[in-house]
Amino acid sequence: MSLGRFFSLELSLLMRSPMDLINPLMFSLLVALMFPIGLGSSPQTLSQLAPGLIWVIVLLASMLSADKLFKQDFIDGSLSLYMLSPQSSYLLVSVKVLVHWFGNGLSLLLLSPLLAILLHLPLHILPGLVVSLLVGSLSLVYVAAIGSALTVGLRQSGVLITVIILPLYVPILILGVATVQSAALALPYLPYLALMAALAIFVMLLAPLAITAGLRINLDA
């Protein structure tokens with residue numbers, strides 16, 4: 001199977017499960033609505049906290065669907081076929097994670113302006129927020145895929161995935177929040193974006209190796 005056909009197949013499968021796309025969006029929206037209630041309605045307070053709050057919301061939302069990334073393929077046996085395919089498993093895994101990012105990462109990215117409005121983030125900071133999420137969400141998805149691959153053989157893997165990937169999210173979170181805060185203070189944020197882009201490239205190149213190894217361990221077991 002060519003990579004282009006595999007991409008189309010995975011994309012069509014993703015579109016057949018609309019709830020997997022809607023659930024992270026609903027979660028993000030509801031959490032964003034809870035913060036003004038819990039922290040008070042002062043726009044100034046929310047505005048100061050908004051960069052960190054939005055990044056934490058997106059980070060947690062990206063974890064919601066992580067355990068399903070390879071689960072169905074593992075259950076119906078198609079994962080074994082992928083691993084035995086003459087096509088490189090490294091490339092197949094990379095394409096599958098990218099499709100997952102198209103469905104979940106981009107939808108969260110499109111929702112981010114609404115989250116910014118709900119949390120009173122000044123609109124002139126929006127470009128910095130969107131670009132940081134665009135770059136950072138790629139790293140988030142690939143790191144989540146590592147946790148999903150390592151736990152795909154377990155029936156209840158949600159908590160274990162959280163324990164595995166949450167510490168790995170910390171550098172991405174720090175750089176993402178620093179980018180938005182720098183934009184808010186009218187300071188140069190391109191150095192932080194450059195670090196995030198370098199981290200994303202590093203993760204995208206190496207994570208498929210860890211994902212493939214994790215999947216093979218579970219299939220052999």
Side-chain angles (χ1 to χ4, degrees), residues 3 6-7 10-11 14 20 24 28 51-52 54-71 73-74 79 82-83 87-112 128-152 157-158 160-182 189-218:
L3 290 178
F6 182 69
F7 181 88
E10 289 295 320
L11 200 58
L14 182 69
D20 289 343
S28 302
I54 293 173
W55 257 96
V56 169
I57 290 172
V58 171
L59 184 149
L60 294 176
S62 70
M63 295 173 59
L64 289 181
S65 56
D67 65 328
K68 296 181 180 177
L69 187 50
F70 300 108
K71 185 71 77 178
D73 292 337
F74 180 80
L79 192 58
Y82 295 159
M83 293 297 112
Q87 187 63 263
S88 164
S89 55
Y90 176 95
L91 294 177
L92 289 175
V93 163
S94 299
V95 169
K96 188 170 181 63
V97 178
L98 271 180
V99 170
H100 184 74
W101 177 76
F102 270 108
N104 291 270
L106 283 184
S107 57
L108 287 171
L109 193 67
L110 294 175
L111 186 69
S112 61
L129 172 68
V130 172
V131 176
S132 71
L133 289 176
L134 176 65
V135 178
S137 60
L138 278 168
S139 300
L140 293 178
V141 168
Y142 273 84
V143 170
I146 295 174
S148 178
L150 291 173
T151 60
V152 70
S157 57
L160 186 55
I161 287 182
T162 303
V163 172
I164 292 172
I165 67 177
L166 208 52
L168 301 176
Y169 275 177
V170 172
I172 308 166
L173 176 64
I174 292 173
L175 289 173
V177 174
T179 302
V180 184
Q181 286 179 334
S182 297
Y189 59 85
L190 288 180
Y192 292 113
L193 276 179
L195 287 174
M196 292 187 72
L199 182 60
I201 293 171
F202 178 78
V203 172
M204 291 173 70
L205 289 175
L206 293 186
L209 296 174
I211 296 167
T212 304
L215 293 175
R216 289 192 188 282
I217 290 170
N218 279 285

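Positions are given from 1 along the sequence.
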Undergrad: Is there any salt bridge (Lys or Arg N to Asp or Glu O under 4.0 Å) pair reaching into residues 167-182, and which pairs are they, with sequence neighbours excluded?
TA: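 As it turns out, there is no salt bridge (Lys or Arg N to Asp or Glu O under 4.0 Å) pair with a partner in residues 167-182 once direct neighbours are skipped.
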Undergrad: Between Thr151 and Gly147 (side chain of the first, backbone of the second, donor and acceptor by atom type, cut-off under 3.5 Å), is there such a pair?
TA: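 Side chain of Thr151 to backbone of Gly147: a pair is present.
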Undergrad: What are the two closest non-hydrogen atoms of Ser148 and Ala66, and how far apart are they?
TA: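 Here Ser148 and Ala66 meet closest at OG-O, 2.9 Å.
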Undergrad: Does Leu129 reach the side chain of Thr179, with side-chain heavy atoms less than 4.5 Å apart?
TA: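 No, every pair of side-chain atoms sits at 4.5 Å or beyond.
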Undergrad: For the CG atom of Leu91 and the CZ atom of Phe7, what is their distance to the nearest 0.5 Å?
TA: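 Here the interatomic distance stands at 14.0 Å.
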Undergrad: Which is it for Met196 and Ser139 under the side-chain contact (heavy atoms from CB on, under 4.5 Å) test, yes or no, and what are the steps along the way?
TA: CA-CA 9 Å; Met196 292 187 72; Ser139 300; over 6 Å; no
Undergrad: Once rounded to the nearest 0.5 Å, what's the spacing between atom CD of Gln181 and atom CH2 of Trp55?
TA: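 Interatomic distance, Gln181 CD to Trp55 CH2, rounded to 0.5 Å: 12.5 Å.
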Undergrad: Could I get the full list of side-chain contact (heavy atoms from CB on, under 4.5 Å) partners for Ala207, not counting sequence neighbours?
TA: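 Checked Ala207 against side-chain contact (heavy atoms from CB on, under 4.5 Å); matches are Tyr142, Ile146, Val203, Ile211.
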Undergrad: So, using salt bridge (charged side-chain N to carboxylate O under 4.0 Å, His left out) as the criterion, who are the partners of Asp73 when residues are at least two apart?
TA: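 If we apply the salt bridge (charged side-chain N to carboxylate O under 4.0 Å, His left out) test to Asp73, skipping adjacent residues, the hits are Lys96.
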Undergrad: Return the OG to CG distance between Ser28 and Leu111, rounded to the nearest 0.5 Å.
TA: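 Answer rounded to 0.5 Å: 6.0 Å.
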Undergrad: Can a donor-acceptor pair be found, under 3.5 Å and without considering hydrogens, that links the side chain of Ser89 to the backbone of Met83?
TA: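 A pair under 3.5 Å: no.
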Undergrad: Please answer whether the main-chain N or O of Leu140 pairs with a side-chain N or O of Tyr169 as donor and acceptor at a distance below 3.5 Å.
TA: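 Indeed, once roles are kept as given, a pair shorter than 3.5 Å links the two residues.
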Undergrad: Would you indicate whether the side-chain heavy atoms of Leu215 and Val93 approach each other to under 4.5 Å?
TA: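 Val93 vs Leu215: side chains touch.
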Undergrad: Start with the C-alpha gap between Leu133 and Leu108, add the side-chain angles, then the distance that decides, and say whether side-chain contact (heavy atoms from CB on, under 4.5 Å) holds.
TA: CA-CA 9 Å; Leu133 289 176; Leu108 287 171; over 6 Å; no
Undergrad: Roughly how far, to the nearest 0.5 Å, is the CE atom of Met63 from the OG1 atom of Thr162?
TA: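 Going from OG1 on Thr162 over to CE on Met63, the span is 3.5 Å.
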Undergrad: Do other residues, nucleotides or ligands put more than 12 heavy atoms under 6.0 Å from the OH atom of Tyr90?
TA: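 Result for OH/Tyr90: enclosed.
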Undergrad: May I have all residue pairs that pass salt bridge (Lys or Arg N to Asp or Glu O under 4.0 Å) and include part of residues 133-149, sequence neighbours excluded?
TA: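 As it turns out, there is no salt bridge (Lys or Arg N to Asp or Glu O under 4.0 Å) pair with a partner in residues 133-149 once direct neighbours are skipped.
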Undergrad: Can you confirm whether more than 12 heavy atoms, excluding those of Phe70, are under 6.0 Å from its CZ atom?
TA: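 For Phe70, atom CZ is crowded (more than 12 foreign heavy atoms under 6.0 Å).
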Undergrad: Test of understanding: with side-chain contact (heavy atoms from CB on, under 4.5 Å), list the residues that count as partners of Leu106, not counting sequence neighbours.
TA: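 With sequence neighbours excluded, Leu106 shows a side-chain contact (heavy atoms from CB on, under 4.5 Å) to Trp101, Phe102, Leu109, Leu134, given in chain and number order.
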Undergrad: Provide the closest heavy-atom pair for Val97 versus Ala145 in the form atom of the first, atom of the second, distance.
TA: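 So the minimum-distance heavy-atom pair works out to CG2-CB, 3.7 Å.
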Undergrad: Not counting sequence neighbours, list each pair that qualifies as a salt bridge (Lys or Arg N to Asp or Glu O under 4.0 Å) and has a residue in residues 189-212.
TA: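 Salt bridge (Lys or Arg N to Asp or Glu O under 4.0 Å) check on residues 189-212 returns no pairs.
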Undergrad: Return the minimal non-hydrogen interatomic distance between Val130 and Ser112, and the atom names on each side.
TA: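 Smallest interatomic distance, heavy atoms only, reads CG2-OG, 3.9 Å.
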Undergrad: Rounded to the nearest 0.5 Å, how far apart are OG of Ser62 and CD1 of Ile172?
TA: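 Between atom OG of Ser62 and atom CD1 of Ile172 there are 8.5 Å.
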Undergrad: More than 12 non-hydrogen atoms from neighbouring residues, nucleotides or ligands closer than 6.0 Å to NZ on Lys68, yes or no?
TA: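 Incorrect, the count does not exceed 12.
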Undergrad: Any chance you could measure Ile161, atom CD1, to Leu150, atom CG, to the nearest 0.5 Å?
TA: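 Answer for the CD1-CG pair, Ile161 versus Leu150, is 9.0 Å.
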Undergrad: Assess the residue pair Leu206 and Leu209 against the criterion (side-chain contact (heavy atoms from CB on, under 4.5 Å)); give the C-alpha distance rounded to whole Å, side-chain angles, the decisive distance to 0.1 Å, and a yes or no.
TA: CA-CA 6 Å; Leu206 293 186; Leu209 296 174; 4.2 Å; yes
Undergrad: Under the side-chain contact (heavy atoms from CB on, under 4.5 Å) criterion, do Leu59 and Leu166 qualify, and how do the steps go?
TA: CA-CA 9 Å; Leu59 184 149; Leu166 208 52; 3.8 Å; yes
